[in-house]
Amino acid sequence: MINETGKINISQDSQVYFESIKSLLSISRNIQTLFKALLKEVDYLEMKSYLVAVDSLFWPLYDRQAVDSLFWPLDGLQQDHANRYSVCKEELASAFSLYLYHTHDKKVIDKSNINKVNEKRLNDEYYLSKLEDFNKLIFFKDSEVLVDSFGYTVTQIDAKIIIKAPDPKFEMSRCLGYRRQSMQEIANSFDSLSELSEITEKYPSILEFSKTYYQNFHDSIFKIIDSPLKRIVMQFHPQALSEFLDTNSLFLEEEMILKQLESNLFIDFQKVNKIPFFQSLSLFDIIKVQRLFAFMLFVLTEYIDSNKLFKSQLFWRSMPVLQANQLKDLWASFLGEQKAKEIFELFTWRLESKKIFDLQTYPFINVEDWILLPLGILTNSDLCRNVLQSTKFRFDSESVEDPIVLEMERCLKPVSSIFETNLKYSFKGVKGEVDVLAVVDNCLFVFECKNSLHPCNLFELRTT
């Protein structure tokens with residue numbers, strides 16, 4: 001604002017904001033230098049090696065601790081990683097996404113070197129350290145969002161900056177929200193296991209099926225080829241695999257996924273199975289896609305464990321690389337050609353693409369006519385949530401009633417002296433609507449209901 005003397009008057013809040021921006025700009029040159037240094041190291045071996053490094057964090061390591069679900073706690077390499085670094089495996093997957101998006105135009109990989117990795121650096125965890133540096137770039141971007149959207153302030157002390165919440169309780173709430181969501185999912189998975197433990201015959205485990213499959217066919221499932229590089233190649237037994245994939249019966253791990261969908265999105269199996277969210281695909285098709293990749297990962301892990309190949313050259317080179325048509329034919333054999341085509345469209349990211357890349361959303365990495373398949377990512381990412389996010393599909397978009405409102409009505413109405421839903425109001429010319437209003441024991445409760453996907457980063461948090 002310019003006053004009558006011609007001087008510019010800036011509010012206190014604006015002054016604090018500009019000081020925060022100034023502090024962020026003061027380190028932006030260092031961030032840019034770090035970014036250039038990281039990209040400068042790229043060569044034709046690096047991209048695949050980075051991918052293998054981050055994918056290995058999502059593997060179940062049987063030599064440390066075997067578990068019977070897709071939702072295992074940190075163990076083995078994951079635990080070592082958690083002790084050494086300050087970021088989680090999902091953040092490193094996001095860091096890899098940033099790395100690949102900014103290097104894919106440099107022709108870092110083609111089919112002539114698609115199987116090559118730097119085993120020495122993988123054993124030294126060189127790539128995980130570099131990915132942590134890439135994560136600093138993401139943290140810098142997050143800081144800008146905190147300042148612009150949430151009123152955080154940034155102050156500079158010597159070469160360091162301090163990011164502070166407008167209220168300490170807000171920062172605690174923000175962090176606790178992520179933590180509680182993670183804790184709740186873990187608790188739900190254990191509750192599901194407890195509930196299902198008495199009926200395991202109805203819900204056989206994918207892990208147990210995979211172990212039995214490996215015991216029956218043993219090393220005939222795999223062969224080691226020498227050209228163009230010595231590596232492990234998986235061979236399928238079509239009849240046994242067809243019975244496993246074609247069935248519409250649920251496995252234990254899939255029942256747990258359905259329970260999560262039911263509690264998070266208020267949808268039942270009928271909606272999961274029948275309602276298409278992308279062209280003709282339903283969420284149950286995605287669950288079956290994940291079934292195959294879980295099977296492949298579990299069987300491969302059995303082979304590596306029984307042959308003591310962990311962290312060997314063959315282990316680091318074990319990521320499947322399939323021709324695109326070969327993988328499409330595999331999907332078409334139990335989902336049909338149309339759905340196989342749609343799955344490719346949904347999950348594939350091409351090196352020449354200009355689309356923003358996220359590894360856990362687009363885990364099929366297309367290199368010419370070949371597909372890289374990070375089995376750990378494909379098995380242990382929340383594919384159902386990610387496809388709903390990428391397609392922006394909502395099950396309640398055409399529903400007259402909000403499922404959260406209906407659930408609150410079921411819980412609160414019997415104990416409320418006054419209970420109203422979708423209550424319209426007008427105050428000082430401003431019109432609005434209260435989703436749920438309840439009076440319980442002479443206390444008034446007003447609820448604004450949000451049934452969006454749980455945010456996984458600050459950029460999504462802005463819209464929830």
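If you read the sequence from its start, that first residue is 1, and numbering goes on from there.
We find the SG-CD distance between C384 and Q389 to be 13.5 Å, quoted to the nearest 0.5 Å. Between the CG atom in L265 and the CG atom in L388 there is a gap of 6.5 Å [rounded to 0.5 Å]. Note that CG of L258 and CD of E255 are 5.5 Å apart. Values are rounded to the nearest 0.5 Å. Note that CD1 of I377 is 5.5 Å distant from CG of D55, once rounded to the nearest 0.5 Å. Note: K413 NZ to E420 CD = 8.5 Å, rounded to the nearest 0.5 Å. One distance of note links CG of L281 with OG1 of T391; it measures 10.0 Å at 0.5 Å rounding.
Side-chain contact check for N248 versus K288: some heavy-atom pair is nearer than 4.5 Å. The closest side-chain heavy-atom distance from F150 to V145 is below 4.5 Å. L24 places none of its side-chain heavy atoms less than 4.5 Å from the side chain of S26. Between L372 and K48, some side-chain heavy-atom pair lies under the 4.5 Å cut-off. Side-chain atoms of D268 and L261, non-hydrogen and from C-beta on, never get closer than 4.5 Å to each other. S94 is not listed as a side-chain neighbour of N135, based on a closest heavy-atom distance of 4.5 Å or more. Within the 4.5 Å cutoff, no side-chain heavy atoms of F58 are placed close to those of L378. Residues L330 and L292 are in side-chain contact: their nearest non-hydrogen atoms beyond the backbone lie under 4.5 Å apart.
The neighbour count for Q279 CD, taken as heavy atoms of other residues, nucleotides or ligands under 6.0 Å away, is above 12. By the neighbour-count criterion of 12 heavy atoms within 6.0 Å, atom CG of D441 is sparsely surrounded, having that number or fewer from other residues, nucleotides or ligands. No more than 12 heavy atoms of other residues, nucleotides or ligands lie within 6.0 Å of CD in Q270, so this atom counts as exposed by the packing criterion.
Residues forming a side-chain contact (heavy atoms from CB on, under 4.5 Å) with D435 (at least two apart in sequence, or on another chain): V405, N422, E433, E448, C449.
Of the charged side-chain nitrogens involved, none lies within less than 4.0 Å of a carboxylate oxygen, so that E144 and K141 do not count as a salt-bridged pair. Using a 4.0 Å cut-off between a side-chain N of Lys or Arg and a carboxylate O of Asp or Glu, D133 and K136 qualify as a salt bridge.
Listed by first then second residue, pairs satisfying salt bridge (Lys or Arg N to Asp or Glu O under 4.0 Å) with a partner in residues 275-286 read D285-K339, not counting sequence neighbours.
Not a single donor-acceptor pair under 3.5 Å links the side chain of T379 to the backbone N or O of G376. Side-chain atoms of T247 come within 3.5 Å of backbone N or O of S249 as a donor-acceptor pair. Within the 3.5 Å criterion, the main-chain N or O of L146 finds no donor-acceptor partner in the side chain of S149. Under a 3.5 Å cut-off, the side chain of Q338 and the backbone N or O of A332 do not form any donor-acceptor pair. Of the possible polar contacts, one joining the Q290 side chain to the S381 backbone as a donor-acceptor pair under 3.5 Å is found. At least one donor-acceptor pair under 3.5 Å links the side chain of E91 to the backbone N or O of C88. Looking at N366, its side chain does come within 3.5 Å of a backbone N or O of W370 through a donor-acceptor pair. E342 contributes a side-chain N or O that, together with a main-chain N or O of S280, makes up a donor-acceptor pair within less than 3.5 Å. Remark: side-chain polar atoms of S20 are paired, donor with acceptor, to backbone N or O of V154 under 3.5 angstrom. Panel note: side chain E19, backbone T155; no donor-acceptor pair is recorded below 3.5 Å.
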Run the side-chain contact (heavy atoms from CB on, under 4.5 Å) check on I287 and V272 step by step: do they pass? CA-CA 9 Å; I287 290 173; V272 170; 4.2 Å; yes
Dump the intermediate steps for side-chain contact (heavy atoms from CB on, under 4.5 Å) on L375 and L300, then the final yes or no. CA-CA 10 Å; L375 294 180; L300 181 56; 4.2 Å; yes
Run the salt bridge (charged side-chain N to carboxylate O under 4.0 Å, His left out) test on E407 and R410 for me, step by step, so that the C-alpha distance in whole Å, both residues' side-chain angles and the decisive distance to 0.1 Å come before the verdict. CA-CA 5 Å; E407 183 65 14; R410 184 186 69 82; 2.6 Å; yes
Audit row: Q156, S23, side-chain hydrogen bond (donor to acceptor under 3.5 Å, both in side chains) steps and yes/no: CA-CA 6 Å; Q156 185 175 6; S23 297; 4.7 Å; no
Taking it one step at a time, do F357 and Y101 satisfy ring-ring contact (aromatic ring centres under 6.0 Å, His included)? CA-CA 6 Å; F357 173 59; Y101 180 73; 8.2 Å; no
Please lay out, stage by stage, how L412 and F447 fare under the test side-chain contact (heavy atoms from CB on, under 4.5 Å). CA-CA 12 Å; L412 290 177; F447 298 92; 3.7 Å; yes
As a quick check of understanding, evaluate side-chain contact (heavy atoms from CB on, under 4.5 Å) for N273 and L283, giving each step before the final call. CA-CA 6 Å; N273 191 30; L283 281 186; over 6 Å; no
For E46 and R121, run salt bridge (charged side-chain N to carboxylate O under 4.0 Å, His left out): C-alpha distance rounded to whole Å, both residues' side-chain angles, the deciding distance at 0.1 Å, then the answer. CA-CA 10 Å; E46 300 301 302; R121 284 184 167 182; 3.5 Å; yes
Pair F96, F134 - check ring-ring contact (aromatic ring centres under 6.0 Å, His included), show working. CA-CA 8 Å; F96 171 82; F134 271 102; 9.1 Å; no
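When all heavy atoms of A53 and Y127 are compared, the pair lying nearest together is CB-CB, 3.8 Å. Taking all atoms of both residues into account, the shortest heavy-atom contact from E409 to F419 is CA-CZ, 3.4 Å. The heavy-atom pair separating S390 from Y362 by the smallest distance is CB-OH, 3.9 Å. Of all heavy-atom pairs between I206 and E254, the closest is CD1-OE2, 3.9 Å. Heavy-atom minimum distance, M319 versus L373: CG-O, 3.3 Å. Of all heavy-atom pairs spanning A438 and S416, the tightest one is CB-OG, 3.7 Å.
The only member of V54, D358, T361 that meets side chain to side chain contact (heavy atoms under 4.5 Å, CB included) when paired with S97 is D358.
Ring centroids of F278 and F393 are separated by 6.0 Å or more, keeping the two rings apart. For F269 and F284, the distance between ring centers is under 6.0 angstrom. Ring centers of F293 and W331: under 6.0 Å apart, within the cut-off.
Note on ring orientation: taking the six-membered ring where Trp is involved, the planes of H102 and F35 are perpendicular (angle over 60°, cut-offs 30° and 60°).
For the pair K130 and Y50, the cation-pi criterion (under 6.0 Å, within 45° of the ring axis) is not fulfilled. A cation-pi arrangement, defined by a distance under 6.0 Å to the six-membered ring centre and an angle within 45 degrees of its axis, is present between K328 and F344.
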